[in-house]
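Scroll down for the structure; my scribbles are underneath it.
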Amino acid sequence: RTEGFPSFSPDGSQVAYWYARDGDVLNPNEVYVVPSAGGTPRNLTRTLDRTIFQSAWMPDGRSLLFAVVKFHKHDENAPFFSKVFRYVFATGRILELFDNGSNLAPSPDGKTIAFLKRDDKRSSDIYLYDIEKRQQSRLASDTTKKNALSWSPDGKKIVYNISRQR
């Protein structure tokens, strides 16, 4: 078995992790959740025919964000495409949120998701997604590669890593 990228829920009662479908590392990754005290894992993303490349708990622990990518196995020149979804534990529903997002970072109040949106291979811009309004807006745009978005505890600032192009 090859599990990876574990993360505790905000209250510590559950652990989300990735696992290759049917244990085959050539298959798409899926997201599972298991009680942190042990128990039977639950697959949250079996219905998606895509590879998960990031998951992030919402601050209230009632839902989990994940970014998925669909690779074109037969066309290497096809554009990279990703989507961001939200799994709601109370209903078991998977809600589609927006396209082309990665590095998901929900705000401390859970109302906004900061994310990276790549428009070309050299740079990515920071966007904010308002969950209630279902709207995104660009926060920062420049020629640097960015990653590791993180909110300040009061939700007023965002920090991130940058890599300058040469």
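Quick note: numbers below take in every heavy atom, side chains included, and nothing from hydrogens, waters or symmetry partners. Just so we're clear, the structure is a prediction, and the values are computed from it rather than from any experiment.
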Output, in order, the C-alpha distance, side-chain angles, deciding distance and verdict of side-chain contact (heavy atoms from CB on, under 4.5 Å) for Lys111 and Lys133. CA-CA 10 Å; Lys111 295 180 180 181; Lys133 295 179 183 175; over 6 Å; no
Heavy atoms of Ala105 and Trp151 approach each other most closely as O-NE1, 2.7 Å
For this session: Would you check, one step at a time, whether the test side-chain contact (heavy atoms from CB on, under 4.5 Å) holds for Ser55 with Phe5?
Result: CA-CA 9 Å; Ser55 59; Phe5 302 97; 5.9 Å; no
Heavy atoms of Gly101 and Ser82 approach each other most closely as N-OG, 3.3 Å
Sorted by chain and residue number, the side chain to side chain donor-acceptor pair (under 3.5 Å) partners of Gln136 (sequence neighbours excluded) come out as Lys117
What one should report as the nearest heavy-atom pair of Ser141 and Asp125 is OG-OD1, 3.2 Å
request  = Ignoring hydrogens and angles, state whether a donor on the side chain of Asp130 or Gln135 is under 3.5 Å from an acceptor on the partner side chain.
outcome  = no
| With a 4.5 Å limit on heavy-atom distance, are the side chains of Leu116 and Ile126 in contact? | yes
Report, one line per pair, each donor and acceptor closer than 3.5 Å where one atom sits in a side chain of residues 60-69; sequence neighbours left out.
{"unit_1": "Asp60", "atom_1": "OD1", "unit_2": "Arg62", "atom_2": "N", "d": "2.9"}
{"unit_1": "Ser63", "atom_1": "OG", "unit_2": "Arg86", "atom_2": "NE", "d": "2.8"}
{"unit_1": "Ser63", "atom_1": "OG", "unit_2": "Arg86", "atom_2": "NH2", "d": "3.2"}

In this structure, OH of Tyr32 is separated from CG of Asn43 (nearest 0.5 Å) by 4.0 Å
The salt bridge (Lys or Arg N to Asp or Glu O under 4.0 Å) partners of Glu132 (sequence neighbours excluded) come to none
Here the pair of heavy atoms bringing Asn161 nearest to Ala148 is ND2-CB, 3.6 Å
Here the gap from Ile113 atom CD1 to Leu97 atom CG, rounded to the nearest 0.5 Å, amounts to 5.5 Å
Here the pair of heavy atoms bringing Asn103 nearest to Gln54 is N-OE1, 2.8 Å
Could you walk me through whether Thr40 and Val34 pass side-chain contact (heavy atoms from CB on, under 4.5 Å), step by step?
-> CA-CA 6 Å; Thr40 304; Val34 64; over 6 Å; no
Residue pair Lys146 / Ser124, side-chain heavy-atom distance below 4.5 Å:
yes
All heavy atoms of Thr45 vs all of Val31, minimum pair found to be OG1-N, 2.9 Å
So CG of Leu128 and OG1 of Thr112: to nearest 0.5 Å the spacing works out to 6.5 Å
For a 4.5 angstrom cut-off between non-hydrogen side-chain atoms, does Trp57 reach Ser7? yes
Item to complete: State, with a plain yes or no, whether a side-chain heavy atom of Leu104 is found less than 4.5 Å away from one of Leu149.
Response: no
Sorted by chain and number, sequence neighbours left out, ring-ring contact (aromatic ring centres under 6.0 Å, His included) with Phe115 holds for Phe98, Tyr127
Would you mind writing out the side-chain donor-acceptor pairs for residues 87-96 within the sub-3.5 Å range, not counting sequence neighbours?
{"unit_1": "Thr91", "atom_1": "OG1", "unit_2": "Arg93", "atom_2": "N", "d": "3.2"}
{"unit_1": "Glu96", "atom_1": "OE2", "unit_2": "Lys83", "atom_2": "NZ", "d": "2.8"}

Sorted by chain and number, sequence neighbours left out, side chain to side chain donor-acceptor pair (under 3.5 Å) with Asp154 holds for Ser152
* Kindly indicate whether the side chain of Val15, heavy atoms from C-beta on, has any atom under 4.5 Å from the side chain of Val33. => no
Next on the checklist: Are Pro106 and Pro59 packed together at the side-chain level, in the sense that at least one heavy-atom pair is separated by less than 4.5 angstrom?
Outcome noted: yes
